[in-house]
Amino acid sequence: MNLAQEASLVAGKDLRIEARSRVTLQQVLPFGLIVLLLFAFALDPDRGVLRDVAPGLFWVTVLLAALLAISRSFAIEAANGARDGLRMSGLDPAAIFLGKAAAVAVELAALEALLTVGVIVLFDVSLGAIGPLLLATVLATVGVAATGTLYGVLAASSGARETLVPVLLLPVVSPVLLGATRAWEAAIDGASSDAWPWIGVLAVFAVLYTSIGTLAFGPLLEEA
Amino acid sequence: MNLAQEASLVAGKDLRIEARSRVTLQQVLPFGLIVLLLFAFALDPDRGVLRDVAPGLFWVTVLLAALLAISRSFAIEAANGARDGLRMSGLDPAAIFLGKAAAVAVELAALEALLTVGVIVLFDVSLGAIGPLLLATVLATVGVAATGTLYGVLAASSGARETLVPVLLLPVVSPVLLGATRAWEAAIDGASSDAWPWIGVLAVFAVLYTSIGTLAFGPLLEEA
Amino acid sequence: MQPVVRLRSAVCLLGRFPALAGVDLDVASGEVVLLSGGNGAGKTTLLRLIAGLLPLHQGEAEVLGHNLARNRTEHRRYVAFVGHETFCYDDLTARENLRFAARASGASASAADAALERVGLERCAAVSHARLSAGQRRRLALGVALAREPRLLLLDEPHAGLDADGRAVLDAVLEAAAGEDLTVLIASHELDRTRSLASREVVLTAGQAHAAVRP
Amino acid sequence: MQPVVRLRSAVCLLGRFPALAGVDLDVASGEVVLLSGGNGAGKTTLLRLIAGLLPLHQGEAEVLGHNLARNRTEHRRYVAFVGHETFCYDDLTARENLRFAARASGASASAADAALERVGLERCAAVSHARLSAGQRRRLALGVALAREPRLLLLDEPHAGLDADGRAVLDAVLEAAAGEDLTVLIASHELDRTRSLASREVVLTAGQAHAAVRP
Amino acid sequence: MTLLKPTVARVLGWTTLVALIVLALFGLWGAPADAVQSDAQRLMYLHVPAAWIAYLAFGVTAIASGLWLWPRTRSPVWDRMAGASAELGVMFTGLTLLMGSLWGRPVWGVWWAWDARLVTTAVLFFLYLGYLALRRVPGTAEGRAKRCAIAALIAFVDVPIVHFSVTWWRTLHQEATVFDPELKAHIHGVMAFTLWFGVFAFTLLFVYLLDRRYHLECLQEGLEDRELEQAIKDRVRGSVSPPKVEAKVEATVEAGAER
Ligand code: HEM
Ligand SMILES: Nc1ncnc2c1ncn2[C@@H]1O[C@H](COP(=O)(O)OP(=O)(O)OP(=O)(O)O)[C@@H](O)[C@H]1O
Ligand SMILES: Nc1ncnc2c1ncn2[C@@H]1O[C@H](COP(=O)(O)OP(=O)(O)OP(=O)(O)O)[C@@H](O)[C@H]1O
Ligand SMILES: [Mg+2]
Ligand SMILES: [Mg+2]
């Protein structure tokens with residue numbers, strides 16, 4: 001098997017488990033919507049800033065939901081020592097990384113699509129320049145999925161997987177948060193030209209972490 | 001052993017495990033601080049609203065950290081079938097509930113103390129009427145710990161513990177979020193009289209869920 | 001005399017699968033009953049049912065005089081169950097785990113220490129559960145059960161992973177049972193070893209129990 | 001001929017504890033080596049070291065011609081390891097788990113199905129791993145290892161939890177090994193059963209290996 | 001097997017249909033247009049009844065759950081009723097949200113506003129979505145019933161919060177007009193009649209759907225019971241039949257593998 005086939009084998013396995021357990025659809029998505037609602041409310045609506053901060057809230061929510069998705073992705077490997085099984089399997093670690101990140105990205109994309117509808121309705125936002133917006137979203141998703149998978153495996157080797165991932169991951173992806181928020185703001189205002197530099201940042205980030213992940217996943221997976 | 005002794009046995013066990021693994025201190029706390037920062041970042045400091053939304057941000061952060069603490073509290077019981085061990089132990093389920101909730105409350109209180117320092121430093125907030133503020137905090141903490149423990153055990157019986165707790169818990173504790181936020185706002189403004197009704201809401205909530213938990217924990221723990 | 005366990009066409013479901021499809025079983029006080037049967041026959045399910053960890057779906061079940069259909073928690077403090085898992089906390093040491101279990105069920109700390117010695121784990125007393133080897137964990141699980149000073153002991157494949165020493169400990173527990181007024185139900189695939197110690201053998205096949213025909 | 005496994009004063013740490021304190025071991029191709037030793041002697045650690053799942057701390061280790069000190073992943077696709085855990089996914093069925101493992105290591109789906117039959121799990125093919133009984137899980141783990149068509153098979157207490165049928169399957173695997181050019185290292189407490197099938201016994205005590213003195 | 005006698009259910013079904021048609025006629029043509037909001041206000045005849053029937057549905061869920069938990073009245077009837085009613089409650093809450101949104105667009109100029117009632121209503125919606133998710137978690141019938149009954153009682157706490165939210169937080173959303181404590185009739189007679197008729201029609205709809213849903217649940221349970229009896233027989237004969245769901249899963253896998 002070549003790299004792509006191996007990666008799709010791994011991604012297929014993760015997505016099949018998701019299709020069977022429906023965790024992302026039935027639990028992570030409602031979580032995202034509730035976070036969106038509650039936080040917007042807790043941050044006090046009177047001041048009329050909510051429409052302006054909608055992109056920021058959206059991406060914070062996506063990040064928090066991503067934490068859950070990643071935690072789930074590695075919970076699957078933690079049970080029954082499946083991680084050792086993967087290590088013994090002879091699959092290329094790069095393929096494992098790409099496969100797991102792809103599965104997370106697919107789940108996140110589905111989530112973002114639905115959360116976007118939520119944002120449009122809740123914050124009365126119209127999307128403006130669709131092209132840059134979509135591009136920014138895709139790149140940010142890839143970035144978050146890649147970084148998340150990388151840090152997920154790093155945390156997985158320690159006992160306290162659930163709580164370690166958030167701490168490690170959130171600071172690292174803050175550039176994505178910033179870039180995606182600014183790109184969205186610009187795109188929503190219809191100022192595509194302002195969006196492009198941020199999209200550039202997101203692209204660099206996505207490429208960077210995908211490459212680092214492809215190279216570093218092997219050693220991290222081996223980490224006892 | 002009477003109820004209090006049994007509860008303190010359980011709480012002691014949880015706190016000893018925490019002391020040994022340091023998950024709350026070394027992972028949940030940094031997580032809280034990062035979330036605080038990220039939110040501040042996403043909401044853009046330019047608009048000068050940060051000082052006003054500080055209470056909301058603080059309580060949102062506490063809730064998210066509480067999710068992690070509770071998830072950890074039940075992860076402990078999930079490993080090695082420890083939950084079955086508890087069920088076989090002959091301990092009064094009410095004591096188990098009170099013990100686990102107390103341990104979570106202690107962890108949350110430590111967390112809140114440190115996050116408060118963070119809020120004071122980051123958002124340049126001064127605490128105003130300390131009495132009501134402290135009371136509101138204690139009551140909210142008890143409420144969150146009790147509700148969290150109740151929902152934690154509810155979700156623990158299903159396979160996907162990590163992701164189910166957030167979905168179930170967040171809507172239920174939203175009154176705490178609102179009440180504590182408003183109480184803090186009033187207390188910070190020095191308007192203690194405005195804080196008291198909210199403190200009343202928090203007290204009702206804390207008492208209500210502690211009682212429900214004491215009664216309902218047994219049946220929920222038994223759920224196959 | 002009142003039987004310790006009395007099942008009448010007991011049905012127990014795992015999800016929608018009838019893992020026990022009508023089991024009749026009587027165990028008298030002081031007996032050591034060997035439960036044999038192939039993989040998936042329902043031994044674990046039967047033991048968990050008796051421990052009160054699984055609900056009864058149909059039929060009757062009485063353990064130590066308590067009707068499980070009505071209440072499956074009351075009898076537990078007199079019952080100890082050694083399952084496929086150890087019921088211990090990874091971050092606590094062997095001794096701490098034992099003490100917690102003993103105190104939780106009302107036994108003393110010295111009972112815990114005695115159990116530690118009995119299963120031969122003195123040397124690992126301060127090693128945390130996460131670091132014990134598979135066999136040491138089995139011993140610890142057995143120790144936890146003994147520390148609780150039960151009247152009914154349910155053992156689910158206690159031999160798995162035990163070395164010769166460990167098996168000797170186990171044999172001693174089974175031999176002493178009659179004298180200590182302890183009733184034991186033991187599910188095992190180590191038939192040769194256990195048959196000689198058991199007072200009776202019950203064979204489970206496809207969710208039903210039959211008395212074994214002694215050759 | 002080149003040995004399959006060659007260890008020279010190999011030291012392996014678990015945390016700071018030297019679970020293997022200088023092990024010398026040579027295994028030739030086609031051998032079936034029985035690893036015996038008390039609980040906590042280091043059998044699991046030794047097998048995990050050979051599988052490349054644990055790092056070598058001191059000494060030399062060579063498996064299938066690969067030097068583990070330099071690279072402990074290269075040899076893995078020719079090695080299958082049945083550990084205390086099954087390495088399977090709870091939400092996948094037995095067949096899906098087997099197929100995934102087979103395809104991941106380059107074997108065909110039919111190898112997976114053959115393995116399913118060989119370990120006698122046809123009837124549970126569509127049952128998800130989470131619902132299998134303890135013994136059925138052990139069989140599945142064995143099946144996963146066989147489906148990978150390894151050259152070196154590491155078995156860590158494969159007997160634990162297996163019924164008579166399952167043990168017969170295992171015996172058949174050990175017997176067929178020599179013919180199939182398969183080398184087997186088996187750690188077990190079922191000494192009586194395994195000794196007759198093994199070509200050699202190695203005793204581990206306190207992290208060190210000795211050739212067993214045959215009575 | 002059902003809550004109502006089949007004939008009663010059938011009559012009720014037709015009555016509901018007629019009532020809904022009458023409501024539509026009154027709502028669209030009978031009642032006068034609002035002075036300020038003109039025709040948009042006609043959404044009230046759906047919005048307000050939907051909200052109240054949602055309360056009613058959650059109330060039924062809470063009471064049924066309580067009756068299930070009370071040992072003397074424990075019966076599977078209450079569990080089924082609680083589940084069915086919660087599903088309808090979620091449906092009606094969704095309807096309230098939808099109608100409110102549609103109404104808000106012309107009146108407030110936005111689909112959504114950060115208003116206490118709106119937020120609490122949305123929280124209510126998610127709360128019961130969570131409850132329904134909990135109902136789907138596998139387990140024994142009794143365990144599931146117990147767990148869900150407790151969750152339903154906890155969730156019901158939010159209903160009064162939604163209702164009083166307008167008085168607790170000064171807000172955008174309409175305050176209580178119909179249940180105004182001072183009992184002044186603020187609204188036109190025909191409008192009031194239409195509103196109350198809407199409530200009546202929706203109540204009929206609720207009872208009818210509840211009965212149907214309950215019936216469906218009974219049929220399903222009957223089917224499961226029969227499958228179980230068969231499974232026990234199979235098990236005794238030693239032929240383990242894998243459960244149906246997984247057989248389907250496996251079939252698709254096979255199909256995929258062949259391609
Ligand atoms: C998504 C948006 C909305 C939601 C979620 C919502 C929710 C609700 C709820 C839950 C009730 C029942 C209150 C109770 O009696 O406890 C209600 C009543 C009502 N709503 Fe809305 N609503 C929305 C938008 C609107 C709009 C845009 C209007 C018109 C300006 C409106 C006018 C009313 C009126 C007149 C009542 C009856 C109040 C009474 O007499 O008690 N709502 N709404
Ligand atoms: N951090 C540690 N501190 C002290 N001892 C440790 C530590 N980590 C592991 N050990 C010990 O290392 C040994 C591990 O041995 P291993 O699991 O290889 O035993 P084994 O021969 O497989 O035993 P078994 O037959 O019980 O499976 C055990 O004695 C265990 O107590
Ligand atoms: N949902 C399910 N669908 C089909 N079969 C199931 C389901 N849940 C459990 N089973 C089956 O129920 C049986 C459980 O039996 P149990 O674990 O009691 O066996 P056991 O006698 O302890 O076996 P072992 O010796 O392997 O431990 C197994 O055959 C398992 O496959
Ligand atoms: Mg078993
Ligand atoms: Mg071992």
Side-chain angles (χ1 to χ4, degrees), chain C residues 13-17 19 36-48 83-85 94 119-121 123-124 126-128 130-140 142 156-170 187-193 203-207, chain D residues 13-17 19 36-48 83-85 94 119-121 123-124 126-128 130-140 142 156-170 187-193 203-207:
Chain C
L13 302 183
L14 298 178
R16 299 235 200 100
F17 182 80
S36 60
N39 289 141
K43 301 180 295 300
T44 301
T45 312
L46 180 59
L47 292 179
R48 287 176 65 87
H84 291 308
E85 291 187 283
V119 297
L121 279 183
R123 289 231 302 245
C124 301
V127 178
S128 64
R131 291 169 168 169
L132 294 178
S133 79
Q136 288 164 345
R137 287 182 191 197
R138 295 303 300 167
R139 286 170 184 235
L140 182 57
L142 185 63
D156 193 2
E157 296 185 39
H159 293 102
L162 284 186
D163 62 7
D165 271 11
R167 286 168 193 221
V169 171
L170 198 59
S188 184
H189 297 296
E190 301 294 318
L191 302 179
D192 302 335
R193 188 170 195 107
V203 184
L204 273 179
T205 27
Chain D
L13 301 184
L14 297 179
R16 302 240 194 90
F17 181 80
S36 60
N39 288 141
K43 300 180 295 301
T44 300
T45 312
L46 180 58
L47 292 180
R48 287 175 66 88
H84 291 309
E85 290 186 286
V119 297
L121 279 182
R123 289 228 301 238
C124 301
V127 178
S128 63
R131 290 168 169 172
L132 294 178
S133 80
Q136 288 165 343
R137 288 183 190 198
R138 297 301 302 165
R139 286 170 184 235
L140 183 57
L142 185 63
D156 194 3
E157 296 186 38
H159 293 103
L162 284 187
D163 62 5
D165 271 11
R167 287 168 192 221
V169 171
L170 198 58
S188 183
H189 298 297
E190 301 294 318
L191 303 178
D192 301 336
R193 187 170 196 109
V203 184
L204 272 179
T205 26

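Excluded from the calculations below are hydrogen atoms, water molecules and symmetry mates; all remaining heavy atoms, backbone and side chain alike, are included. Just so we're on the same page: letters track the sequence lines, and every chain starts at 1.
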Options [options], ranked by heavy-atom pairs under 4.5 Å with chain D, top entry:
options	result
C/Ala41, C/Gly166, C/Ala160, C/Ala19	C/Ala160
C/His159, C/Arg167, C/Arg131	C/Arg167
C/Gly38, C/Gly161, C/Ser133, C/Ala134	C/Gly161

Would a distance-only check, ignoring hydrogens and angles, find a side-chain to backbone donor-acceptor pair under 3.5 Å from [X] to [Y]?
X	Y	answer
C/Lys43	C/Val203	no
D/Asp156	D/Ala187	no
D/Arg137	D/Glu85	no

**Asked** Checking heavy atoms, do the side chain of D/Arg138, its backbone, both or neither come under 4.5 Å from chain C?
**Response**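 Answer is neither: D/Arg138 stays 4.5 Å or more from chain C.
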**Request:** Select one option (side chain, backbone, both, neither) describing which atoms of D/Gln136 are under 4.5 Å from chain C's heavy atoms.
**Result:**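 Both backbone and side chain.
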**Audit row: C/Leu162, D/His189, side chain to side chain contact (heavy atoms under 4.5 Å, CB included) steps and yes/no** = CA-CA 7 Å; C/Leu162 284 186; D/His189 298 297; 5.9 Å; no
**Criterion side chain to side chain contact (heavy atoms under 4.5 Å, CB included) on D/Val127 and D/Leu132, from CA distance to verdict** = CA-CA 7 Å; D/Val127 178; D/Leu132 294 178; 4.0 Å; yes
